[in-house]
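Take a look at the structure below.
A quick note: this is a predicted structure, and the numbers were derived from the prediction, not measured. Numbered from 1 within each chain, the chains take letters A, B, ... in sequence-line order.
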Amino acid sequence: MVPGAFNYHRPDTVDGVIGLLGEWGDDARVIAGGHSLIPVMKQRLSDISHLIDLGGVGSLKGIGVDGGTVTIGAMTTQHELISSDALAAAAPIIREASLQIADPQVRYVGTIGGNVANGDPANDMPGLMQTLDATYHLAGPNGARTVAARDFYEAAYFTAREDDEILTAVSFAATGGGYAYEKQKRKIGDYATAAAGVLLSMDGGSCTAASVALTNLSDTPVYCEAAVDILVGSSVDDATISAAVKAAVDVSDPVADTRGPVDFKKYVAGVIVKKAIQSAKARA
Amino acid sequence: MNEATPPKEERSAALSGLGTSRKRVEDARFTQGKGNYVDDIKMAGMLFGDFVRSPYAHARVKSINTEKALALPGVHAVLTAADLEPLGLHWMPTLAGDKQMVLADGKVLFQAQEVAFVVADDRYAAADGVAAVEVEYEELPVLVDPFKAEADDAPVLREDIADQKEGAHGPRRHPNHIFTWESGDRAATEAVLAEADVVAEEMIYYHRTHPCPLEPCGCVASMDKVNGKLTVWGTFQAPHAVRTVASLISGIAEHNIRIVSPDIGGGFGNKVGVYPGYVCSIVASIVTGVPVKWIEDRSDNLMATAFARDYWMKGRISATKDGKITGLHCHTTADHGAFDACADPTKFPAGFMNICTGSYDIPTAYLAVDGIYTNKAPGGVAYRCSFRVTEAAYFIERMIEILAIKLGMDAAELRVKNFIKKEQFPYQSALGWEYDSGDYHTGWDKALKAVGYEALRKEQAERVEAFKRGETRTLLGIGLSHFTEIVGAGPVKNCDILGLGMFDSCEIRIHPTGSAIARLGTISQGQGHATTFAQILASEIGIPAEDITLEEGDTDTAPYGLGTYGSRSTPVAGAAAAMAGRKIRAKAQMIAAYLLEVHDNDIEWDVDRFVVKGSPERFKTMKEIAFASYNQAIPGVEPGLEAVSYYDPPNMTYPFGSYICVMEIDVDTGTTEIRQVYALDDCGTRINPMIIEGQVHGGLTEALAISMGQEIAYDEQGNVTTGTLMDFFVPTAVETPNYQTDYTVTPSPHHPIGAKGVGESPNVGGVPAFSNAVHDAFRAFGLTQSHMPHDHWRIWKTAESLGLHD
């Protein structure tokens, strides 16, 4: 299983990348960590004659925490997300989720930008970005623009990014309160059977803010607005949690695959969401 | 003893012989990346071959257009069945007496079947060529369910033999039926079952899986047109058999074929058979005049090379009210895929499935196996087990558990009640085997004590109560397994493959300075033969193991043997090594007697030397004897010190063991956590305890994989849904539990050193231990049988069906 011939480009600026994308159009693809793209190329499922490696673009790397806003360059690896103490202080859910992605070898190479931009509903970061209500920063021939993560995903592998644009960074507000990212998988290295990210703030026994999102339970990541509405303002007691779990499961739409049939996945989604809410509440 | 002679124990220890945990000599190169595997072979002008494979499970091939592929730069040739037909090589014989398409001949019968072979400058150009070959298919109805194979509207898969009423193993009753194989007394068994106090009945499915060795299959074929000699380096578990079969098929004289198995990265049965890639590489080398390499990728290996298991075993077991088993009936539907390519001894088309009476004294039994064609890949190899023994062990160990449920008895107690007793060995089983030796009760008692069996049962009962009270959502399973293996195939009188007798061999040459080289007919794929066989020889001839080089796998130099699979290397080739060593010693005795100027009978063997009886100060070491054998004229004795032994074993060996797994099961998520795995093995005389432990760890991990998630699954259209390592479960260190190993020693009475083989025992015993743990956890809630693999969703479904969810 080997890829067909392709030309390799390694520009060192975002403008350089945009220029190459404009030059080669549909024949070109950018590559970040490559964990999704390289298998596709090896299986010759996609005809790519120009591969543009983002690894040489220094401005796409790095983690910044500034005035309550976290900005992460697209080429920041999952290993770097895990190692950053500043990030762990500003948004500890990132470390918790990143540690559940694949294995250390994958995380040394896999990037946050590749993970969110590819539009694969099985990836963990898109769901996590729903939880965080993140903003995606895009650059293209017409300049830079931003898209809310919750508006980014249209269907599996279809996103709001135009073909001549690249994702340069994600940003979101630092989190307070409790958090949890729960994931069930068959083995190390597998995608989620079901996963959920939850943020929960409590004040005086009442939930003041919450966020709930699902990974690999639909053809896009799912932000569970109805579940959030149930949680906010409540005491997050068992009955409320059950209602929120039901609301979350109701908006899931998993498909049967080798991980299991739909009824199983929906049931496990409920278990996972419940665990995540309980864990986030315990930490709030 | 004079002052120069160290004590016996010291001299014995210096040999690193039998019973020593000698470090593996192979590991120095493997751990440094210095192994020499097939893909490491690079030759001048070598080309690379790759297959066009069928996307369909059943289709007619309307046309193959190779024009565009041949026009690509770097593509030299594209072979199709039409090119192989004039050579008579478009089909090839299988090990099971069937035949198999080398390249699609008019139709394809399984997904990923080989359709055309592209030969190009390198693997990239070959893959470009593969993509450019245009094949027109007409889809045909697909048969994936063996129970629908003989329906009126079932598609006929093998049109080439549709009218043949007689197959390699007797009558065929339907075009999709391969054989019926029977063992035991059917009428007597039916009679026993009809009159029994209690009969338990259940369908036991052992799903299709795959050996998935780390290194896939491959070869380099090189036809030297100057000297007419064909050399093939390949991933062969039986290089000599490959040479003979290659000669018979191709017409090339056997002395002009050299087969070499270099380092092999795991075999587990997957590398016993002959694959189209070997045939195509050889033809391509003959056609192009240069060496041709073919190496599978992972998905090719999983989807097209030999699978394992896929047995539907319908069992009935009868007993008296107090739990004495009276009879066993088994009907197996064996899904063989598109061609019968099982690697079994010829007279055993279902392998040694008739060891399915297991460790129990079952007076009356009957087994029938129906082999069926389906639109799946061919195979049916012994994946880290002797031929179909894992299926047999899983079947009986499930039936015992099911009978225990029916009787309301403890499953450990039921086993104790029915074990063959120590004094019954050698034991004649109802299905025709003579178990050479055993002591099941001793190991079983030791195992139960080691895990604290009674306390575990108490804890389990308390857990069930807590679960019923809503205090926990996890259950506790105690998985019991007592297996009896049958390995070391085998006696030539009833064991052959394609007519090749299943003896094995060892040739040993002692060098003048007292070191040695030994060559065997087997081939290590990670078992550590270079370490352990040297230990056998060290103990037999008194030369340190480190002074003995071991060579295997080159048919130009190694003596003829049937290779390594079915745990046969130690029982057969290990015996040959011991016997060759004894021949060396016999000659050495004559030489030593001459040198010491005494009669042969006046000296005796003492670890590493011959000593004059009663005069310990008068001796000749093997080192001294070796030098004299070459350099001193000894009347009536030929110079040199060499021996060859071809060993035809008088019987199989019967390793056994007691395995127990303790498992926590979350009924809501279907996830499991293995708390304890205890494995007690009796493999007879232990050659290298460290290697045994390593073998047990590896085999248990494969057993864990198989029972808990690993499968080759097909959808209704015959597409493989588990064709990559994302979906085909191979455990990592994270999923692998800690293992607690133990042993008893019951030597084989007929093996020269009493050894029985161990590599496959943990797979045979491990699968029922893990699976029984899952079943046992749900016993209190009414579960009798559920099918492997016990992955999360299947366990969840079990809990769901038992009403354990909200």
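- Ion pair A:Lys187/B:Glu735 not flagged as a salt bridge, since none of the NZ, NE, NH1 or NH2 atoms sits closer than 4.0 Å to an Asp/Glu carboxylate oxygen.
- Ion pairing between B:Asp297 and A:Lys42 fails under the 4.0 Å rule for side-chain N and carboxylate O.
- The parts of A:Asp263 that come within reach of chain B are both its backbone and its side chain, each placing non-hydrogen atoms under 4.5 angstrom from that chain.
- Between B:Tyr137 and B:Tyr56, the two ring planes are perpendicular [angle over 60°; tilted spans 30° to 60°].
- Residue B:Ala127 touches chain A through both its backbone and its side chain, counting heavy-atom pairs closer than 4.5 Å.
- The part of B:Phe728 that comes within reach of chain A is its backbone (N, CA, C, O), which places non-hydrogen atoms under 4.5 angstrom from that chain.
- Heavy-atom distances place both the backbone and the side chain of A:Arg186 under 4.5 Å from chain B.
- When the candidates A:Asp190, A:Asp103, A:Val271, A:Thr258 are compared by the number of heavy-atom contacts under 4.5 Å with chain B, A:Thr258 comes out ahead.
- Under the 4.0 Å criterion applied to side-chain N and carboxylate O atoms, B:Arg123 and B:Asp39 are assigned as salt-bridge partners.
- Contacts of B:Thr721 with chain A are made by both backbone and side-chain atoms, with heavy-atom separations under 4.5 Å.
- Note on B:Val130, B:Asp50, B:Thr669, B:Leu725: by heavy-atom pairs under 4.5 Å with chain A, the leading option is B:Thr669.
- With a 4.5 Å cut-off on non-hydrogen atoms, A:Lys185 touches chain B through its backbone but not through its side chain.
- For the pair B:Asp128 and A:Arg44, the salt-bridge criterion is met [side-chain N within less than 4.0 Å of a carboxylate O].
- No hydrogens or angles considered: a donor-acceptor pair under 3.5 Å links the side chains of B:Asp310 and B:Tyr205.
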